[in-house]
Amino acid sequence: MLDVRAIRDDPERFRAGLARRNLADAVDRILAADERRRELVRRVEELRAEQNRLSKEIGAAADEERARLIERVAAVSADLKRLEPELEAAGSALDELLAATPNVPHDSAPDGFTDEDAVEVRRNHGAPPAFDFEPRDHTALGALLGVLDTERGARASGSRFVYLLGDLVFVQLALMRHALDILAEEGFVPVIPPVLVREEAMYGTGFLPTDEVNIYRIEQDGLYLVGTSEVPLAAFHMGEILEEADLPRLYAGYSTCFRREAGSYGKDLGGMFRVHQFDKVEMFAFTTPESSWDTHERMVAIEERIIGNLELPFRVVNIAAGDLGGSAAKKYDIEVWLPGQQRYRELTSCSNCTDYQARRLRTRVRRTDGSVEVLHTLNGTATAIGRTLIAILENHQRADGSVALPERLHPYLPERLRVLEPRA
RNA sequence: GGGAGGAUGGCCGAGCGGCCGAAGGCGGCGGUCUUGAAAACCGCUGGUCCCGCGAGGGGCCCGUGGGUUCGAAUCCCACUCCUCCCGCCA
């Protein structure tokens, strides 16, 4: 949620920022709603002050005086009864506008509206691997190795569900441990969070109301299945005021993620590139406003380190302003080269949400001088396990279909397991 | 699924319908004392919104939402959440 007072102070800045999302006119609608609300606040508060004054006098007054005062206060109360609903309506109108308005993009986010407009920041290790044979895609490899079963996944649960089998399960767990070890070393507190959350948490993180169609809802209990552990990690400090000395607070969440993938019909069908359920290790940071940009760079660097350890060719892209998620002011994606698709595909994503999420979550920082302000939140993928498995299979495959597992994973794997071998 | 309690400030905990944004304690900050520290003593110690350049003034907040009343932390209604016991269960 944007800060209305900041918009009031410098509307031009917000107009220009939101124009990059094609939403320049939102500023004027917000300002009009804010003006109306403040006018009503002024009038209602004057009446309440008058009512309070008179009521206090009544308490102290003698009986004959009392009747007269009660009559006077009745007139004030009548006015209040009329104005209070108007004030409430004006407040909701403003809240709805603000809830539907996304964050202002950072200056360093490039112009544009689609993934095509993202700007490449850097690549790792230059070129994608050259194969002296025709590389298979992960679906073919998964079948050959006997480690992926999408047909039975569909039978049990529908399309976009997959069974992971055999040694690939050990690779998944190794990826999880590998990421958590690095994050713990970097000062992140490991967390296994709840994956069902209340509406408040979904709203606070900005997934509701805008992303509703992509969220699984448990009607009976009024709970939502999280699409990322960003949600319960952000909600961890919902409504709290953190001490400046305790920042940054860094968390590494490991959870299963659930996504309806509505509106992606026909996209990335087959295999497990786009599925309804996958596991992910996620970074989440609560920082002071002045340090969030440094933290953002640091988190991307951690992502690069993790992917580098897995010996995967990747590139970092800076997402276009108009293509950002609603809460983000800036986002880096890391795209990994997939030989099966002959292109780079999104593997991780790292966003600085500045104060947008924190204001909705009411998460603030108490400065050492005692003042209180909204803090900044960031989130980033440490390892999206499903897609990382795909990248490992496709990039480390050999002519016979076997797959060599990256050395950095060896300590986390069973000793016999260094290569995934095709089924006999 | 059945039953019983509870929700007040960073934490614990009091609170006759008006003098209660709220006693007291703990914690925190500052000070006195001390070579230093502890102890003791003294003082300070909520958030938010509106008006104002500021000094300051005002509104709201005792789980949430309604109601009664001139006036509600206190009375009434509904809801939510938490805890405990029994049952079931990974």
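Naming: A, B, ... by sequence-line order, numbering from 1 per chain.
Ring centroid separation for the pair A:H376 and A:W293 does not come in under the 6.0 Å cut-off. In this structure, A:F161 has its ring center no closer than 6.0 Å to that of A:Y163.
Across all strands, A:R5 comes closer than 4.0 Å only to sugar-phosphate atoms, never to a base (heavy-atom distances). Contacts of A:R366 with the nucleic acid, taken as non-hydrogen atoms under 4.0 Å apart, involve only primed sugar atoms and P, OP1 or OP2. In this structure, A:R364 reaches the sugar-phosphate backbone alone: every heavy-atom distance under 4.0 Å involves primed, P, OP1 or OP2 atoms, never a base. No engagement by A:R359 is indicated, since no non-hydrogen atom pair under 4.0 Å with the nucleic acid exists. Using a 4.0 Å heavy-atom criterion, one finds that A:R362 contacts no nucleic acid atom at all. Using a 4.0 Å heavy-atom criterion, one finds that A:V372 contacts the sugar-phosphate atoms exclusively.
Each of B:rC50, B:rG47, B:rC82 was ranked by its minimum atom distance to the side chain of A:R38; first place goes to B:rC50. For A:I241, whose side chain is taken as the heavy atoms from C-beta onward, the closest listed nucleotide among B:rC49, B:rC70, B:rG47 is B:rG47. Of the candidates B:rC50, B:rG71, B:rG59, B:rG59 carries the atom nearest the A:R48 side chain, counting heavy atoms from C-beta on. The side chain of A:I70 lies closest to B:rC70, out of B:rG59, B:rC70, B:rC50. Of the candidate nucleotides B:rG59, B:rC81, B:rC70, B:rC70 has the atom nearest to the side chain of A:V73.
Looking at A:R48 and A:E84, a side-chain N of the basic residue comes within less than 4.0 Å of a carboxylate O on the acidic one, giving a salt bridge.
Remark: C1' of B:rC51 and CD of A:E35 are 13 Å apart, rounded to the nearest angstrom.
Spacing of C1' atoms, B:rC60 relative to B:rG9, comes out at 16 Å, to the nearest Å. Nucleotides B:rC82 and B:rC88 have their P atoms positioned 24 Å apart, rounded to a whole Å.
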